[in-house]
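Let me begin by presenting the structure, written as structure tokens, before commenting on it.
Counting starts at 1 for both ligands and their atoms, following the listed order. Just so it is clear, the structure is predicted and the values come from calculations on it, not from any experiment.
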Amino acid sequence: MARDVYAELGVRKVINAAGTYTMVGGSRMSDETLAAMAQAARSHVVIKELQEKVHARLAELTHNEAAYVTGGAAAGLHITGAAAIARKLGRPHWSLDREQIAKAEIIVHRAHRNPYDWSLQLLGAKIVEIGFPNMILPTREEDLQYAITENTAAIYYFFMPPGGWTARGALDLDTTFRIAARHGVPVIVDAAAQVPPVENLWTITERGASACVFSGGKDLRGPQASGLVVGKADFLKWVTETAFPTYGVGRMFKVGREEIVGLYAAVEQYLTMDHAERVAWAERRIALFRKEFEDNPVVRVQRVYPNEAGQPFPQMAVSFTGEGHVAEYVLRRLREGDPSIFTMAADERSVFVNPMTLRDEELDEIRNRIARIGEEIFVQGGRVGE
Ligand SMILES: *Cc1c(COP(=O)(O)O)cnc(C)c1O
């Protein structure tokens, strides 16, 4: 048997019941993907040549004019933003000075501001915010129209379908595309966690995105440190000039041949995967959970659809009756157990169990642990911890 590095280091293995959360490693690569990466690592190649071949194949596979592998979606957002600035000023990004970059403007909805947008803040361009993150006065078309100036390099759009965790109040995607197209402004879409559905790999660019950015390490099940940019050939030309292995900002976002080949292998598998069967499997497991806890005095299982990222994939909210900080207590009991189970609170008394990142035997383990925690709470007369 190969060495167990985690055991040697005393690092606990975790059952990930939360979904494709980066803090526990996102998703798992298939053996086929791991083998492709190992093989890629064994030989030297000319990176540019590998990129040309893989990017052309990825474009073809995803029905896009062009594609690019980056070191994560966050890196992809930065690189596409830098490319948009270069395109606006008609010069390679490395040739621009800070004053020139500072004049460029990137438009973003206030409703879309989020912790990932340091990718934009660090560009050094002016971030022009529009609208409000609420429904009292949702963003109007004229808010976007007035924000577009001769310095606008791009509009950044954070795409998440209803049910996901973004604030409401932004213009919808197609309205944004329509106004942007009228002014010749590229729209960069952050769709990092927006597969499934698999069609998002091409429909968002068909609808009008110049570039759409996906995380390779989430449900695509590529390398954790990979991202996929797809889009229009004339825009991605600027991405190619800006991204690794070009010197300049792109050099900080290095992508190894292992990631390039690994993401390629993962996308290939993702496109031929039986997605309907995967959903059917999740539905069967959820129905089974519901049945198993049907008569439980403490535990109740609800099906949640879509999931917290707005993806068309069912998950569960498991709630516990009891007094005190119930969800917090359950999360701690799951985390402290062996094996450790990681998930998120759905509300004050329930936790998510998302089949997306789970295997059958892990779901069995989670069911047993939930049953035991339910018994504990029952025995304690409904009180939880301190
Ligand atoms: C996960 C995520 C990112 C970052 O993706 P990485 O591949 O981890 O860099 C960016 N934006 C959103 C909305 C995300 O969910």
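Contact check on Glu362 versus Arg28 returns a salt bridge, with a Lys/Arg side-chain nitrogen under 4.0 Å from an Asp/Glu carboxylate oxygen.
Between the side chain of Lys232 and the backbone N or O of Asn64, no donor-acceptor pair lies under 3.5 Å. No side-chain donor-acceptor contact under 3.5 Å links His63 to the backbone of Ala59.
The contact set between ligand 1 and Gly72, taken as ligand atoms under 4.0 Å from a residue heavy atom, comprises 7 (O), 9 (O). Close approach of ligand 1 to Phe158 is summarised as follows: ligand atoms under 4.0 Å from at least one heavy atom of the residue are 13 (C). Every atom of ligand 1 with a heavy atom of Ala74 under 4.0 Å away is listed here by number and element: 4 (C), 5 (O), 6 (P), 9 (O).
Considering Ala225, Ala193, Ala75, Ala73 only, the shortest heavy-atom separation from atom 6 (P) of ligand 1 involves Ala73. Ranked by closest heavy atom to atom 8 (O) of ligand 1, the top entry among Asp190, Asn114, Thr70, Thr22 is Thr22.
Aromatic ring pairs are classed by plane angle as parallel below 30°, tilted from 30° to 60° and perpendicular above 60°; the pair Tyr157 and His109 is perpendicular. Aromatic ring pairs are classed by plane angle as parallel below 30°, tilted from 30° to 60° and perpendicular above 60°; the pair Phe158 and His112 is perpendicular.
Under the side-chain contact (heavy atoms from CB on, under 4.5 Å) test applied with Glu365, the options Ile370, Ile15, Leu358, Asp360 reduce to a single match, Ile15.
Counting protein heavy atoms only, atom 15 (O) of ligand 1 is closest to Lys218 NZ, 2.7 Å. Among protein heavy atoms, the minimum distance from atom 7 (O) of ligand 1 is reached at Ser215 OG, 2.6 Å.
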